[in-house]
Amino acid sequence: MNYWLFKSEPDVFSIDDLKAVASEPWDGVRNYQARNFMRDDMKKGDLGFFYHSNTKEPGIYGILKIVREGYPDHTAFDKTAKYFDPKSKKEKPTWYMVDVKFVKKFKKPVLLSEMKDMPALAEMKLLQKGNRLSVMPVDPKNFKYIESLTSSLPKT
DNA sequence: GCCAACGTTGGC
DNA sequence: GCCAACGTTGGC
């Protein structure tokens with residue numbers, strides 16, 4: 001089982017938006033590395049963090065699950081769509097997406113500012129300088145560590 | 001194939 | 001709003 005991180009701007013699509021739907025196609029990714037992860041590596045049942053970017057408090061707000069493996073992102077074929085890409089052909093699609101489903105929202109998010117101070121997460125891709133991938137793998141150790149932060153009892 | 005120019009991402 | 005980092009584009 002692999003673990004992932006999905007970035008989204010909460011003004012556009014937040015974890016509460018995901019909670020409100022049965023499942024959601026993760027469309028609009030137009031980066032080859034991210035495309036490869038979705039097309040080749042994500043498997044049904046994999047879990048991912050839901051990360052809020054470009055907002056006052058960037059961080060991980062909850063967990064989602066892959067419910068459909070990579071298939072062509074049809075919004076690339078739609079001239080009227082925001083992420084239309086004339087180079088992507090139906091016979092040979094350039095862009096792929098997966099469907100994801102809400103699993104849970106953390107009581108308190110794990111903020112980027114907090115993660116930066118955690119030695120255990122020093123190697124995490126998300127925290128590397130200049131990283132701009134909107135979809136990326138997360139080391140299972142890091143995934144479990146972060147998840148455990150959210151379920152531990154408050155310190156006395 | 002190189003690389004400058006440009007556009008985008010995303011934290012601050 | 002600023003700007004660093006990065007990806008893409010296009011001229012040569």
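Every value quoted in this text rests on a predicted model; they were computed, and no experiment measured them. Letters A, B, ... are given to chains in the order of the sequence lines, protein chains preceding strands, and every chain is numbered from 1.
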query = Without hydrogens or angle criteria, can the side chains of A:Asp99 and A:Tyr71 be said to hold a donor-acceptor pair below 3.5 Å?
reply = yes

Got a sec, which residues hit side-chain hydrogen bond (donor to acceptor under 3.5 Å, both in side chains) with [X], two or more places apart in sequence or on another chain?
X: A:Glu9; result: A:Asn54
X: A:Lys105; result: A:Asp16
X: A:Tyr32; result: none
X: A:Asn31; result: none

ask   = Who passes salt bridge (Lys or Arg N to Asp or Glu O under 4.0 Å) against A:Arg30, sequence neighbours left out?
value = A:Asp73

inquiry  = Suppose we screen for salt bridge (Lys or Arg N to Asp or Glu O under 4.0 Å). Which residues come up paired with A:Asp85, at least two apart in sequence or across chains?
reply    = A:Lys87

message = Regarding A:Lys116, tell me which of base, sugar-phosphate or nothing describes its non-hydrogen contacts under 4.0 Å with the strands shown.
response = sugar-phosphate

message = For A:Tyr83, is there any backbone N or O sitting under 3.5 Å from a side-chain donor or acceptor partner on A:Thr75?
response = no

task = Can you tell me which residue pairs pass the side-chain hydrogen bond (donor to acceptor under 3.5 Å, both in side chains) test with a partner in residues 112-129 of chain A, sequence neighbours excluded?
result = none

Geometric class of the A:Phe106/A:Phe49 ring pair [parallel <30°, tilted 30-60°, perpendicular >60°] = perpendicular

inquiry  = So if I take residues 107-115 of chain A and measure heavy-atom distances to DNA chain B, which residues fall below 4.0 Å?
reply    = A:Leu112

Close approaches to DNA chain B from residues 119-134 of chain A, in residue order (heavy atom, under 4.0 Å) = A:Arg132, A:Leu133

note = Hits for ring-ring contact (aromatic ring centres under 6.0 Å, His included) against A:Phe37, two or more places apart or cross-chain, chain-then-number order -> A:Trp4

ask   = Which one of A:Gln33, A:Met38, A:Arg35 satisfies the side chain to side chain contact (heavy atoms under 4.5 Å, CB included) criterion with A:Val135?
value = A:Met38

task = For DNA chain B, note the earliest and the latest nucleotide, 5' to 3', having some atom under 4.0 Å of a heavy atom belonging to chain A.
result = B:dG7 to B:dC12

inquiry  = At 10 degrees resolution, what angle do the end axes of the helix from B:dG1-C:dC12 to B:dC12-C:dG1 form when each is taken over five base pairs?
reply    = 10°

